[in-house]
Amino acid sequence: MTTSSLEAVVDPQLIQQWIAQIGSDSSAAVPLLQAIQTEYGYVPRKAMDLVIQYSDINASQLFGVVTFYAQFRLRPVGRNRIKVCHGTACHVKGADRLNTALRQALDITDPEADTSRNGSYTMEDVACIGCCSLAPVMVIGDDVFPNLKGADSQRSLKKHAKSHNETLLGLEKAKPEKTESAPVENDEGSPE
Amino acid sequence: MSGEGLIVTVGEGTCGIAAGAREVFSLLQKKLPQAVFRTVGCAGMCHQEVMVEIGDETSGTTHLYGLVDKKNIPQIVAFHTADGELPAEMLIRSSDQPGLEKGKYLARQTRIALRNVGQLNPTSIEQYKARTGYQALEKIIKGGMTPDDVIKEVEVAGLRGRGGAGFPTHAKWRFARNAPGDLKYLICNGDEGDPGAFMDRSLLEGDPHSVLEGMLIAAYAIGAAKGYAYIRAEYPLAVINFNKAIKDARAAGYLGENILGSDFSFDVKVKEGAGAFVCGEETALLASIEGLRGMPRIRPPFPAIKGLFGKPTIINNVETLSNLAWIILNGGPAYSSIGTSDSKGTKVFALAGAIARGGLVEIPMGMSVRELLMEIGGGSSSEHPLKAVQLGGPSGGCIPESLFDTPIEYAAINATGAIMGSGGMVVMDTKSCMVDIARYFLEFTQRESCGKCTFCRIGNIRLREILTRICEGKGEMEDLDTLEELSNSVKDASLCGLGQTSPNPVLTTLRYFRDEYLAHVCDKKCPAGVCKGLIQHTIDQSQCTGCSICQRYCPVNCITGETKKPETWVIDTTVCINCGMCAEVCAPKALVVQ
Ligand SMILES: Cc1cc2nc3c(=O)[nH]c(=O)nc-3n(C[C@H](O)[C@H](O)[C@H](O)COP(=O)(O)O)c2cc1C
Ligand code: FES
C-alpha cells in the first residue's frame, strides 16, 4: 500500500507546545489527542510516545482513550476526507448506496481499506451530522452535500477531484473499456 | 436594482449552509448592494432551505421565501426592486397574505425553547438582549430571588429533563444544592448522540446565549462556580458559536467573577466530545471530561452528590436549559399551563425520514402523533403511506400507524413501548423495512457499547447476528423467541441506559410488525423490498431504452447488453449484489425489484 507514504512527520516542539497550552494532567488526554488529530489527520504513534514522554499522562491511559473514542484514528489518512452519514435518517434514505458509488469511483475494493491506493481520499462512516431533513448527506473537507443519490455522490466527488487535482482511480479505469457502449452525452445526464 | 430600504435575512445553520445558503447570500448581496444583510440560525424548516426573508422598510411588508437557489434569485430581486411578479410558489409567509399553507408549519408550533432560533444572529449578544436576553438573570440577581426561589419556580413549571429520562429538574437541583461541598459543577449535555436528531445542534448553533443563560440560572440554583458545555465534535459550528457566546457574555459581565456586581461567580468551558454515543450518559460523560475512557459507573452515588472530580455535579440537557430563562421571566404557572397533567410545557422534535416537511418542531405536550406528522409534517414525502415512526432513536421504539392518535406525553408514549427520548423522530413509509431498522439500531448500539457489562457487550452482538441472519433470509422460527428472551435479559442485566434500552427497537418491531418478521423467516421475502438477501433486481426489457447508464454505475459489472437494443439487456443474478445503484440511475424505471 502506498498509503505508508502518507505517514506524518511529527514535530516534538509542537507536542510540547500543546502540552503547555492544554495541560499535562490526565484530563488533558482527550484534548491533546484532538489537537494531534487536527494537525496530522490521524494520531501517529510517534506523537503518542512524545505525549507520554512530556506529560503526566501514562501509556495505558492514553492508549485506552485513543482506542475508545471513535473520533481517533491510528492509520494515516488520504489527502482529502469524505464522511458519509449513516445516521438513521440517512440510512432509511439509502446511504449505503453512497458508499457503493464512492468506493467504486475510488476503486477501493478491499472491504477493510478506507483509503484509495493513490492516497487521494479516505472514506469514513459517521453517525448523524445534524442535517437529517436533507438526508442522505456526505461531507468532503468542510463542505456538506445534501439530498444525494448514489450517482449524485459520484458526480460531486468528480467535481471535487477536478478542483483539487486528484485522480479517481475507479473512473480512470472504467473509461477506456466502456467508451464504445456508453454515449458521452450521458456523462452528466441526471437520472431524473 | 439597488435594494435600498430592504432588509435581507438568510438562514445559515448547518442545514442552510449545506443547501447553499452562503452562495445565495453572496449572489443576493451582489444584486442588492444597498440592502442591509443579516444571517440567522436555522429556523427549523429544513425542508425549505435555503430560506430568505425580505423586509421592506418603505412598504412595511415582509416576505419569507423557501427553496431559494441561483436560478430563482432573479425573480425575487425583480419583485422587490422593479415591477416583477410575486414569486408565489416560493412564498412561505407574507405580511400581505396571512394563512399560507406552507406557513402552517410554523403557525402550529409553540416556541419556547426555540423562541429565538432563526430569529436572530447567533453571534450577536445585542440581538439576544433585544429579545429579552439576560433579563431572567437580572431578575434573579437584582430582583433578589434566592436559589430556593429559583428551584421553586422550576418546580411550579413542572419542567422535566429533556435529555431522555424526563427526571424532574427541580428535584435533581435540590439534591445538588443540599449536597455538602464548596465547589460544585454544572454541565450542559450537548452530546446529542441519537443518530437521527438535531434539536440540540440547532439550539447551540442558532441561539447559544439562551443555553448559556440557562446554565447561569441552573448554576445559581445549585451553587455551582464552574461549568462545562460538552458538545459533540461533529457539530463544528455549534462549538464556534458557543465559544463566541461565552466570550461576549464574559465581556458584558454576565459570566465570570461577581456577575452583575453580586457575589455569584460562574465560568464555563467548552469540551468537545470525541465520538462516543455512551458519553451522553451522565456518568460516562463525567469520565470523558476527566480524560478517561467514557464508561458509565454504578449510581448511587449520583453525580448530584459525587460527580465531576468527586464534586457535586448537575448534568442538564441543552433543551432543558434553554427553557429556563423563559420560565423565570414568565413564571412557572405560565409554563405549566401548557401541556397535560403528566407532562408540562413544550417539547422539540427533529422530524426526518419519509416526511414531506422535515425539520424542527416545538409543540405543546399532549398533541397527538398524528397531528404532528400529518398537519405539521405534511404526511408522507412519497406516494407510499406512512407506516411507523421511531421515537427516541436507538434507545426508543417505533409507534405504528394504528397508534398515531397517542398523545405526546411521557406516560402515554411509554405505554406503547417507545420512549419520549430526546426528540428524534424518524418517519417510515411502507418502503422501509422494520426488521432492517431493528438491525440498524442494534448494529449501532452494539458498536457503541462501552463493553463493561457482559449482556450489553455480548448480548447485543448476538441480537445483531440473529437480525442480520433474518435479513439475509436465513432466519428460523425459533429465532423470534430467542430475540425476545435475549432482549429481556440484556435489559435486566445492564448497568446504564444504553443496555437497558438497546433492545427496545427489537421488542417494539416484534410487537407491532411481527408479520414482517414472519415474511422474512417463513416466506423468505422482504415486503418493503429493502433486505438485500431477499430481493433480486431484474431488467424489464419492455421499459428499457438500452441507454447503458446502469452498466456504468454497476460496481460488480453484472449488467450486459448492447447500446440502444433493449432486448439484449440482462443482469447476471449470480454476480449481482443488489446494491440498487442501477435502479436508482435508471430513468425509464426499467429495473424491477422482486
Ligand atoms: C446511552 C445514553 C446516551 C445519552 N445521550 C444523551 C445525550 O446525547 N444528550 C442528553 O442530553 N442526554 C443524554 N442521555 C441522558 C443523560 O444521561 C442525562 O439523563 C441527561 O443529560 C440529564 O439532563 P436532563 O435532566 O436535563 O434531561 C443519555 C443517556 C444514555 C443512557
Ligand atoms: S441522519 Fe444523516 S444527517 Fe442526521
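Note that these values count all heavy atoms, side chains included, but never hydrogens, waters or copies made by symmetry. Chain letters run A, B, ... following the sequence lines, proteins first and then strands; every chain starts at 1.
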Participant: Identify which of B:Arg232, B:Arg447, B:Glu49, B:Glu448 forms the greatest number of heavy-atom pairs closer than 4.5 Å to chain A.
Facilitator: B:Arg232
Participant: Atom NZ of residue position B:Lys452 - does it have more than 12 heavy atoms of other residues, nucleotides or ligands inside 6.0 Å?
Facilitator: yes
Participant: For B:Lys271, I'd like to know if atom NZ has over 12 heavy atoms of other residues, nucleotides or ligands within 6.0 Å.
Facilitator: yes
Participant: Given that the side chain runs from C-beta out, which part of B:Ala233 has a heavy atom under 4.5 Å from chain A: side chain, backbone, both or neither?
Facilitator: side chain
Participant: Contact part of B:Cys279 toward chain A, heavy-atom cut-off under 4.5 Å: side chain, backbone, both or neither?
Facilitator: side chain
Participant: Under a 4.5 Å heavy-atom cut-off, does chain B meet the side chain of A:Gln154, its backbone, both or neither?
Facilitator: side chain
Participant: Which region of B:Leu292, side chain (C-beta onward) or backbone (N, CA, C, O), has a non-hydrogen atom less than 4.5 Å from a non-hydrogen atom of chain A, or is it both or neither?
Facilitator: both
Participant: For chain A, find which of B:Gly424, B:Ser202, B:Gly580, B:Ser432 contributes the most heavy-atom pairs closer than 4.5 angstrom.
Facilitator: B:Gly580
Participant: Chain A heavy atoms under 4.5 Å from B:Arg293: which part of the residue, side chain, backbone, both or neither?
Facilitator: both
Participant: Between the main-chain N or O of A:Pro31 and the side-chain N or O of B:Glu272, is there a donor-acceptor pair closer than 3.5 Å?
Facilitator: no
Participant: Heavy atoms, side chains only, cut-off 4.5 Å: are A:Val92 and B:Ile437 in contact?
Facilitator: yes
Participant: Which one wins on heavy-atom pair count under 4.5 Å against chain A: B:Met428, B:Met581, B:Met199, B:His47?
Facilitator: B:Met581
Participant: Measure distances from B:Val530 to the heavy atoms of chain A and classify the residue's part below 4.5 Å as side chain, backbone, both or neither.
Facilitator: neither
Participant: Report the distance from atom OG of A:Ser133 to atom CG of B:Leu360, rounding to the nearest 0.5 Å.
Facilitator: 7.0 Å
Participant: Given heavy-atom pairs under 4.5 angstrom as the criterion, report whether the side chain, backbone, both or neither of B:Lys431 touches chain A.
Facilitator: neither
Participant: How close do B:Ala18 and A:Leu134 get, heavy atom to heavy atom, and via which atoms?
Facilitator: CB-CD1, 4.2 Å
Participant: Using every non-hydrogen atom in the two residues, find where A:Gly87 and B:Tyr440 come nearest and quote the distance to one decimal.
Facilitator: C-OH, 2.9 Å
Participant: What residues of residues 52-70 of chain A sit under 4.5 Å from chain B when only non-hydrogen atoms are counted?
Facilitator: A:Gln61, A:Gly64, A:Val65, A:Thr67, A:Phe68, A:Tyr69, A:Ala70
Participant: Keeping the roles fixed (side chain from B:Tyr553, backbone from A:Ala101), state whether a donor-acceptor pair exists under 3.5 Å.
Facilitator: no
Participant: Kindly compute the distance separating NE2 (A:His91) from CG (B:Asp436), expressed to the nearest 0.5 Å.
Facilitator: 3.5 Å
Participant: Against chain A, label B:Glu290 side chain, backbone, both or neither, depending on which of its atoms sit under 4.5 Å from a heavy atom there.
Facilitator: backbone
Participant: Determine the option with the most heavy-atom pairs under 4.5 angstrom with chain A, choosing from B:Gly20, B:Pro236, B:Ser288, B:Ala19.
Facilitator: B:Ser288
Participant: From B:Tyr235 OH over to A:Cys128 SG, what is the distance, rounded to the nearest 0.5 angstrom?
Facilitator: 5.0 Å
Participant: Look at B:Ala276, B:Gly359, B:Gly275, B:Gly451 and state which one has the largest set of heavy-atom pairs under 4.5 Å with chain A.
Facilitator: B:Gly275
Participant: Quick check on A:Asp110: does its CG atom have over 12 non-hydrogen neighbours (other residues, nucleotides or ligands) under 6.0 Å away?
Facilitator: yes
Participant: Select one option (side chain, backbone, both, neither) describing which atoms of B:Lys532 are under 4.5 Å from chain A's heavy atoms.
Facilitator: side chain
Participant: Give, for atom OG of A:Ser27 and atom CG of B:Leu308, the distance between the pair rounded to the nearest 0.5 Å.
Facilitator: 9.0 Å
Participant: Let me confirm one number: the CG-CD distance from A:Asp152 to B:Glu584, rounded to the nearest 0.5 Å.
Facilitator: 6.5 Å
Participant: Tell me, out of A:Ala29, A:Gly130, A:Ala28, who's got the most heavy-atom pairs with chain B below 4.5 Å.
Facilitator: A:Gly130
Participant: May I ask you to decide if B:Cys579's main-chain N or O and A:Thr100's side chain share a donor-acceptor pair within less than 3.5 Å?
Facilitator: no
Participant: Which residue out of B:Gly294, B:Ala352, B:Gly353, B:Gly393 racks up the most heavy-atom pairs below 4.5 Å with chain A?
Facilitator: B:Gly294
Participant: Check whether B:Phe444 gets within reach of chain A through its side chain, its backbone, both or neither, counting any heavy atom under 4.5 Å.
Facilitator: side chain
Participant: Picking from A:Gly150, A:Ala89, A:Ala135, A:Ala127, which has the most non-hydrogen pairs under 4.5 angstrom with chain B?
Facilitator: A:Gly150
Participant: Nearest 0.5 angstrom please: A:Ile129 CD1 to B:Glu234 CD, how far?
Facilitator: 9.5 Å
Participant: Checking B:Ala238 against chain A: side chain, backbone, both or neither under 4.5 Å from a heavy atom?
Facilitator: neither
Participant: Let's test your reading of the structure: which of A:Gly94, A:Ser26, A:Cys131 forms the most heavy-atom pairs below 4.5 Å with chain B?
Facilitator: A:Ser26
